[in-house]
Protein chains: 2
Amino acid sequence: MAAKQTGHAALAALLWEPQAGPRRGPRPTLTLEAIARAGVAAADADGLGAVTMQRVAEAVGVTKMALYRYVPGKDELVALMLDVGIGPAPHPASGHWRADLEAWSRALAARFQRHPWAMAATIGTRVMGPNELDWLERAVAALDGTGLTGAEAIDAAAVLAGNARAMTEQAAAAGGAGPEDALAAVLAGLLRGREDRFPAIGAAFAETVRDGGRDEAFEFGLQRLLDGIEALIAKRRKG
Amino acid sequence: MAAKQTGHAALAALLWEPQAGPRRGPRPTLTLEAIARAGVAAADADGLGAVTMQRVAEAVGVTKMALYRYVPGKDELVALMLDVGIGPAPHPASGHWRADLEAWSRALAARFQRHPWAMAATIGTRVMGPNELDWLERAVAALDGTGLTGAEAIDAAAVLAGNARAMTEQAAAAGGAGPEDALAAVLAGLLRGREDRFPAIGAAFAETVRDGGRDEAFEFGLQRLLDGIEALIAKRRKG
DNA sequence: CATATACCGTGTCTCACGGACACAGTTATT
DNA sequence: AATAACTGTGTCCGTGAGACACGGTATATG
């Protein structure tokens with residue numbers, strides 16, 4: 001299942017074809033969206049590992065094998081879930097590229113935070129769905145007229161998206177009053193007694209804890225990236 | 001297996017405890033490192049999905065169940081593989097923070113490129129291993145004396161690492177003359193006939209293809225981030 | 001030196017999950 | 001009315017993770 005080479009085209013058709021015309025047999029009782037939504041609900045509740053064909057099938061009220069009439073396999077189901085879960089991009093268009101990209105990035109981070117499993121699902125070679133491509137379109141459009149090349153605009157969008165994904169993931173692990181606090185405690189305990197081996201981290205950690213450590217890694221990366229993009233735009237405009 | 005809440009402490013002990021003292025029974029025939037290396041080899045060859053207890057056991061010459069004498073479960077094995085595969089960080093220390101971080105980031109990206117499965121393995125709540133913490137230490141140390149706070153230094157390291165991870169992944173998917181080219185073809189085919197819906201991407205893509213599209217997303221993100229960090233350092237120094 | 005105690009590797013079993021396949025029922029086409 | 005295509009279902013199999021009890025082995029204790 002993990003290595004299903006055949007099917008990029010099939011997956012693309014699944015994600016992009018709206019619906020085939022009138023067919024002969026009995027009319028389907030389900031829709032792709034209903035199936036995907038059931039999967040999203042299961043993943044939101046209990047993680048991506050809890051998304052099983054059986055469970056999704058029960059959620060929509062059919063047998064496990066009935067799902068295979070709609071979806072070639074589980075990988076494709078997850079791809080569908082991703083596009084449905086991430087949803088369409090907001091269309092702010094304030095007019096200024098920086099404000100637009102900032103809002104775009106925060107909105108994307110919020111989506112990832114709402115669907116933590118999406119980070120695990122966006123790994124590896126993938127076919128982009130309509131919504132995902134919509135997000136990319138908005139970011140590239142925001143950079144229109146700034147003097148960046150097309151490749152640079154796409155790179156910028158990819159980097160900003162990567163930041164939102166990676167840093168939100170880290171935030172999800174650090175924040176929340178769940179058993180994740182135990183993780184931070186484990187790390188702190190690990191550091192204790194090893195300050196000689198990791199002096200810089202030890203000092204930084206001590207300082208952070210003193211200041212009331214929260215994780216602003218996403219915001220930090222966002223601002224640094226925007227500053228860097230701004231510098232590039234300025235350089236391009238000068239010549 | 002995916003949801004094993006118990007064991008952060010056990011995993012930490014596994015990753016960090018060097019070796020217990022002399023024990024009573026027969027001496028173990030294997031070492032943790034040998035097991036981890038076998039796993040790394042399997043993952044490098046056929047992907048993370050091909051890493052099965054059975055296969056790793058065969059590679060080291062024991063039965064599947066013998067591995068459980070060394071490792072609590074597969075998740076822990078993968079965590080071990082990650083730390084072994086990523087290896088220790090280089091210690092360049094050129095003296096200038098920017099050069100150091102640049103080399104650091106490129107080295108990390110190279111490691112990820114060498115072990116593509118590591119990107120999938122670094123997802124979710126994790127306990128850092130010695131090598132992983134070593135990488136963090138080097139990055140934070142490079143920012144010593146720049147005027148950044150400890151929290152900012154840690155954030156910077158996390159963001160740079162996130163960029164290396166996410167962008168290298170994308171590069172691995174786009175490059176190479178494998179069936180991934182088919183993916184790009186699918187995307188291009190998708191875009192064709194939808195330029196009205198995704199005008200910005202269409203224009204950017206056309207321009208990129210004309211210029212001979214390569215993926216420099218990692219380098220782009222790296223330079224933008226370093227520029228942004230440099231701007232922050234300059235601001236801090238001014239007051 | 002003898003014995004108990006802990007530990008090592010193995011074989012067998014169970015369970016969960018993804019997926020193949022054949023079958024019966026349903027509906028649009030001819 | 002007959003046919004062809006499509007839908008949902010039940011049954012089956014392969015694979016992989018992990019539980020558990022067993023026999024063998026090396027160290028600590030008397």
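Proteins come first, then strands; the chains are lettered A, B, ... in the order of their sequence lines, and each starts at number 1.
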[N] [atom2] sits how many Å from [X] [atom1], rounded?
{"X": "B:I35", "N": "C:dC8", "atom1": "CD1", "atom2": "P", "answer": "11 Å"}
{"X": "A:L30", "N": "D:dC6", "atom1": "CG", "atom2": "P", "answer": "17 Å"}
{"X": "B:R55", "N": "D:dT15", "atom1": "CZ", "atom2": "C1'", "answer": "15 Å"}
{"X": "A:L67", "N": "D:dT9", "atom1": "CG", "atom2": "C1'", "answer": "12 Å"}

Quiz item: Going from OH on B:Y70 to CG on B:L80, what distance comes out if it is rounded to the nearest 0.5 angstrom?
Solution: 13.0 Å
Quiz prompt | Pairwise distance CG(B:L191) to CZ(B:R197) - rounded to 0.5 angstrom | solution = 11.0 Å
I need the minimum non-hydrogen distance between [X] and [Y], along with the two atoms involved.
{"X": "B:P199", "Y": "A:E137", "result": "CD-OE2, 3.0 Å"}
{"X": "B:R55", "Y": "B:A45", "result": "NH2-CB, 4.2 Å"}
{"X": "B:R165", "Y": "B:M119", "result": "O-SD, 3.3 Å"}
{"X": "A:M128", "Y": "A:L136", "result": "CE-CD2, 4.0 Å"}

Give every pair of a protein N or O atom and an N or O atom of nucleotides 14-17 of chain C that lie under 3.5 Å apart, one pair per line with the distance.
none

Quiz prompt | Side-chain donor/acceptor of A:W135 to backbone N/O of A:W104, under 3.5 Å | solution = no
Quiz item: How would you list all residue pairs meeting side chain to side chain donor-acceptor pair (under 3.5 Å) that involve residues 25-36 of chain B, not counting sequence neighbours?
Solution: B:E33-B:R37
Practice problem: Please check the phosphate of C:dT10 (OP1 and OP2 only) for any side-chain N or O of B:Y68 closer than 4.0 Å. | Solution: no
Quiz item: Does B:T29 put a side-chain nitrogen or oxygen below 4.0 Å from OP1 or OP2 of C:dG9?
Solution: yes
Practice problem: Taking side-chain contact (heavy atoms from CB on, under 4.5 Å) as the test, write out the residues that go with A:V60, two or more places apart. | Solution: A:L30, A:A38, A:V62, A:L67
Self-check item: N-O pairing of B:E58 and B:K64 below 4.0 Å
Solution: no
Exercise. Treat primed atoms plus P, OP1 and OP2 as sugar-phosphate and everything else as base, then score nucleotides 21-30 of chain C 5' to 3': B for base contact with protein heavy atoms under 4.0 Å, S for sugar-phosphate contact only, - for none.
Key: BB--BBBBS-
Self-check item: Partners passing side-chain hydrogen bond (donor to acceptor under 3.5 Å, both in side chains) against B:N131 (at least two apart in sequence or in another chain)
Solution: none
Practice problem: For DNA chain D, find the residues of residues 37-46 of chain B with a heavy-atom distance under 4.0 Å and give them by number; none if there aren't any. | Solution: none
